[in-house]
Each structure stands twice: as structure tokens, then as C-alpha cells.
Amino acid sequence: MHAPGLGRSSIARRHETTMTLRLDVFDDFHVHGASAPEWNQRYLQVSAGSMCSSLAEVTTDSMHVFRKWMSERVIQQGCLPSGKICFAVPLGEFAGTARMQGHEMRKDSIFVLRSGDEFTLQRPKGMELMAVTFELDDFRRLLDERPWAPGAQALLSRSVLRAPDDAMQRLRHDLLSLFDEASTVHPCDSDSIMDVPVSNVVFEALFELFDVAADVRQLVGSASASFVVSQCHRIVEAGGNAPPSVEELCLRIRTSRRTLQDSFRQVADSTPVHYLRCVRLNAVRRQLMSTRAADLSIAQAAEDRGFNHLGHFAERYKTLFGELPSQTMRAGAGTARALVLPSDERAGMP
């Protein structure tokens, strides 16, 4: 990828390759997570219901913009690929609280991930997120071309910051307009070549947003509740067929039962028992989907995660995922569960 490293007087002579648009629909979050392996993502479903998600992507020669919607409450974990910088903002309305890196995600929030950053996003039901990713070297060249004030540049080191509504709206507008433009252009059309690279347009919106955010009092906040949840999550994932009880978790992370319960309610809108059971159920689902039925039985997969009563396990599995474990697609048992929409159906995508 090559972002412009030219002086401002020469920008108008710099052409950018035609934008490309891709839209996918998924009926399983684990398949969705595997669709971008370079991000090393995992999705854990924690609300009951049949899963549905959509992903719209616009790619140019200098940046990648995506919109991602998910029907259920999901824990999204991953790592930003090396050599990139990413800016993410919520879209539309959603019920419940979203949290990124332990910080609440609100309408006036923008989140920043830098090369190699690991992240955890607690996504409420029906949340849509939009993000733009630049190659880090390209973004630095744009900063050299259009320097930011020291206060604005300092905000790039934060994971989350607040910005005035008008600046947030401009960024959303400029990003959303790319999806409209990409859906109408054709590679052979001369009109599809941009006189001004779209990366510069988006960069200018970010410039304005960070410039005015430098004058906004930024919240510090406490990440202690998120630390409690993430520690419990890690312990249960590593627990195998002997998952710890709530009492054991309290002892291991040296906190009270009330603090534990309050932390899960605040961060995940859930009880510790429900959340951590969902962690184990998702682990079973991933295992089933990645192995052939001949190589691993449902009973063994359940037992490996501490579910010793097959009937209770199957009932909880169906409640969470909307299907029995025997109905889950196994490795080698069919085609991928991602559907790429024909071009004439894309206009109706969220």
C-alpha cells in the first residue's frame, strides 16, 4: 500500500486506485472471526439467539474501512496486525453498554489501536462498529505532510478519547460516503479515479477531530472491573475440564464475591456464572467446528470443557446458539458458512 507522501501543492495530481467494495453475511460468529486471520480474532457469543452478522469493507491502495454489525452480544478479541493504526467509532443505536479495552464506548468515543495492540471489545446486541485502518508508515507520512498540534498528537497514545459531536459526525459522514461511492463506481469508469486520494479526505476528518478533542477534558476512568473480568476469562479458558467455581476465582484474583459480581454486571451486563459458562460453551463450539465428527465426539468435546451431564450441556448449548451440538457443522462436512452477496443484493445490507 502507498499513501501519498507529497507536498500539499501536488495532492491534486496524485491519483488513487479505484475503491473496491466487499459485503459478507455470516450465520456463525466463529466463522466471522476466521474471515480475517491476520487480526487473530475470536468471537464469543454471550446472549442467547441464532447468530447473524454482516461485514462491509471498502479498500483502497492506502487504507481499509469496514462496517461490522452483529445480532447478539459478543466478546470480540484480537490483535491489530503489525505496522497498522486503526481508528474505530460506534454507529447508530444499540441497547446496553459497549466497552473497549475496559473503557465505555459512547457516541462521542473514538478508539485507537496501534501496531500489534491486543484488544477486547464487549459488543452489546445489535451494535454496529465502523473503523478505518491505515498502514502506519503511510499515516506517519500524512502527519509529516499535515502536522498536528502537539496536544492532538499526544492523544494518539490514548486507547479511547472523547470528541465533540460535530467532529464525530464529520468523520462518520466521510467514512460512510465511501461505501456509497464504492458501490457506484466501476474500475473502467474514468470518473472512478479520485483527483484527491480518499485517504487524505479521511485524514483531514481525523485531523479536525483530534484537534478539537485536544481541548476536551478527557476522562481517565478505572479499568479495575475490566481487569477482574479479563482475569476470570483467562483462568476459565485455561481451566480445561476443571473450571473453577466463583469462590475459587475470588480466591485466585483476591477479590470479594460482591466485587466480582459487580464487575461482570458493569463490564459484560451478565452474571459471572452465565458469562463464564458461555466462555466454555464457545470453546466447545470452536472445537466441534474445527474437528471431524469421526475424530472427536460431542460428549468428549463437552467433557473436555467440564460439562459432565450431556443432557444439560445440549440444552444450554441450544439455548445459547439456537441449535443442538449435533447440528453444528463439523470440519469437512460442507462448505463455509459465509455468504458473499450478489451485487444486486448489496444495497440492502446494514
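Each residue takes its place number in the sequence, starting with 1.
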Are F313 and L324 connected in a single hydrophobic cluster, I mean Ile/Leu/Val/Met/Phe/Trp/Tyr linked by side-chain heavy atoms less than 4.5 Å apart?
-> no
Salt bridge flag under 4.0 Å for residues R170 and E204 = no
With the threshold set at 4.0 Å, does a side-chain nitrogen-carboxylate oxygen contact exist between D144 and R141?
-> no
Of all heavy-atom pairs between M105 and L121, which one has the smallest distance, and what is that distance?
-> CE-CD1, 4.5 Å
Salt bridge between E323 and K318, side-chain N to carboxylate O under 4.0 Å?
-> no
Cluster link L156 to V212, ILVMFWY, side chain under 4.5 Å = no
Should we count CD of Q300 as having more than 12 external heavy atoms under 6.0 Å?
-> yes
Same hydrophobic cluster for F207 and V216, using side-chain heavy-atom links shorter than 4.5 Å among ILVMFWY?
-> no
Give a yes or no answer on whether the side chain of R330 reaches the backbone of R292 with a donor-acceptor pair at less than 3.5 Å.
-> yes
Answer yes when E237 and R42 have at least one side-chain N-carboxylate O distance shorter than 4.0 Å, and no when they do not.
-> yes
Answer yes when R123 and E72 have at least one side-chain N-carboxylate O distance shorter than 4.0 Å, and no when they do not.
-> no
Neighbour count above 12 (heavy atom, 6.0 Å) for E93 CD | no
Under 6.0 Å between the ring centres of F139 and F87?
-> yes
